[in-house]
Protein chains: 2
Amino acid sequence: MNLTTTSYAILGHLALQPWTMYDLAQQMRSNVHFFFSRAESQVYAEPKRLVGYGLASASRQMIGKRARTVYAITADGRRELDRWLAEPEAAKGPNLEFEALLRVFLSPLGKPEHLVETLEQVRDNLSEMFEAADRVGGAYREGTAAFQHHVLTRSMVYDFLVSFADLADEWAERSAARARRWPDQSEAERIDEAMRIFSEKPTRLRRRQ
Amino acid sequence: MNLTTTSYAILGHLALQPWTMYDLAQQMRSNVHFFFSRAESQVYAEPKRLVGYGLASASRQMIGKRARTVYAITADGRRELDRWLAEPEAAKGPNLEFEALLRVFLSPLGKPEHLVETLEQVRDNLSEMFEAADRVGGAYREGTAAFQHHVLTRSMVYDFLVSFADLADEWAERSAARARRWPDQSEAERIDEAMRIFSEKPTRLRRRQ
DNA sequence: CCCGTTTACTCCGGATCGGAGTAAATATAT
DNA sequence: ATATATTTACTCCGATCCGGAGTAAACGGG
């Protein structure tokens, strides 16, 4: 029984209520998508393994001649989930994958205007995240969210995601502005501005010590 | 010739200078690791494919009876890289994977004290990121960085990473503080505080409109 | 000269992706 | 009333990617 974090993510959702994987795939696309996204094929494959381990049960229903499978958590599954919830997270911080940052990193190899384009693209790409956050926030504000009683913890998740999207947007904005000033600046001015970022932006770690 | 973003990441590094994959794996661990991390086995596998496509060249050297392979970019590789640098990023924003946030999301299924533990763990796990940022920042401030002439763009990457780590640290701090207050609050007070997050933290999208 | 660390990789089983495909049920337009 | 589009509810599969274990020579310190 080799369970991955994906297993526990699915198992956790089954503990909230029974789901068809079609519905759960949708649910996950609009909820955990921005901090724990999995391919649809995985969302369909995972509960079969859980059933194999006796952690979930499947009930096949018929709508006309079309089948649908509803999965639910078992008592064993609930115990396994409790065990996972109680164990500390592996010492393995947030894992970020950000192609735009790689492009910025490698941008001295290309033309300067492509850097500005990349940064503008970053801002465009964030709108999806902003819209998703607004949908969730709106539902909770209106009191119509599917899991309204989870408002305490969902507000924490919302807090993080909005802060993150804002950060990325603000960073792309100020960085693009900086790159656009470069043609009118001397190299000394450009370097001076860059060095100020290293000096005036100490990490929290250093600030505390 | 099916090149992935991983291919261009390696190709880009080879455009900076020739590398052995051992050195490049180390370089990537301390540089792009926090926004584009790849398994070591991939870093070793990728240049072989690049050589197969004629985008890189390998030169095998002998140190005693031990072999080492130094990879360099070819003219074709440089052209392919230029093409990639000029093309816009796929419309696919930052991809975050954050197990702690999944645990917060599912925390109503577990005990309240585990939420606080998860959030404290988040802060501990960030120290690696802070230390890496400090190392890079220190090298550039002292003028001893290996790619000191990339200071303009590296400062942008540094800016993002430090902002991100600070954000995660501050979020975990304020969220843990909130969860610790819960036992002394009424349910109405707790919900009120949660709702204020949804209201008082509008996304940049909504603020602009 | 012995031993632990660093250099420089290879191997492989299993997890995951992502796009294509299937087929029935339902909504929509004509 | 019928054709068409969309939604529901999945399966399949080749390729990518992970990550931990293993190998073996060179180097450095006591």
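Letters A, B, ... are given to chains in the order of the sequence lines, protein chains preceding strands, and every chain is numbered from 1.
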So what does A:S37 touch, heavy atoms closer than 4.0 Å: a base, only the sugar-phosphate, or nothing? sugar-phosphate

Is the closest basic N to carboxylate O distance between B:K111 and A:D82 below 4.0 Å? no

Side-chain (B:Y140) to main-chain (A:A194) donor-acceptor, under 3.5 angstrom: no

Polar contact flag, side-chain donor to acceptor under 3.5 angstrom, B:Y8-B:E80: yes

Remember a base hit wins even if backbone is also touched, and classify B:R49 as base, sugar-phosphate or nothing at under 4.0 Å, heavy atoms. sugar-phosphate

Take the protein atom CG of B:N2 and the nucleotide atom P of C:dG18, then report the distance between them rounded to whole Å. 14 Å

What nucleotide among D:dC27, C:dA25, D:dC18 has an atom nearest to a side-chain atom of B:A39? D:dC18

For A:T4, answer base if it contacts any base atom (sugar-phosphate contacts may also be present), sugar-phosphate if it contacts only those atoms, and nothing otherwise; contact means non-hydrogen atoms under 4.0 Å. sugar-phosphate

Counting only side-chain N and O atoms of A:T69, is one of them less than 4.0 Å from OP1 or OP2 of D:dC10? yes

Return the value, rounded to whole Å, for the distance between atom CE of A:M28 and atom P of D:dC10. 16 Å

Looking across every strand, which nucleic acid part, if any, lies under 4.0 Å from B:A67 by heavy atom: base, sugar-phosphate, or nothing? sugar-phosphate

B:R68 charged N/C atom sitting above B:Y22 aromatic ring, 6.0 Å / 45°: no

If you assign each of B:Y44 and A:Q42 to its closest nucleotide in DNA chain C, which residue comes earlier from the 5' end? B:Y44

Which whole-number value in Å describes the distance from A:D23 CG to D:dA9 P? 6 Å

Report yes if a side-chain nitrogen or oxygen of A:S41 is closer than 4.0 Å to either non-bridging phosphate oxygen (OP1 or OP2) of C:dT16; otherwise report no. no

So, is B:T20 near the phosphate of C:dT7, with a side-chain N or O under 4.0 Å from OP1 or OP2? no

In whole Å, what is the span from the CZ atom of A:R29 to the P atom of D:dA9? 13 Å

Find the distance B:E99:CD to D:dC18:P and express it as a whole number of Å. 17 Å

A:E46 CD - D:dA9 C1' separation (whole Å): 18 Å

How about CD on A:Q27, more than 12 heavy atoms from neighbouring residues, nucleotides or ligands closer than 6.0 Å, or not? yes

Return the value, rounded to whole Å, for the distance between atom OH of B:Y22 and atom P of D:dA26. 15 Å

Separation of A:E40 atom CD from C:dG21 atom P, in whole Å? 16 Å

When only distance counts, do a donor and an acceptor, one from the side chain of A:R38 and one from the base of C:dT16, lie under 3.5 Å apart? no

With nearest nucleotide decided by heavy atoms, which residue, B:R66 or B:K92, maps closer to the 5′ end of DNA chain C? B:R66

Ignoring hydrogens and geometry beyond distance, is the side chain of B:R68 in donor-acceptor contact with the base of C:dT7 at under 3.5 Å? no

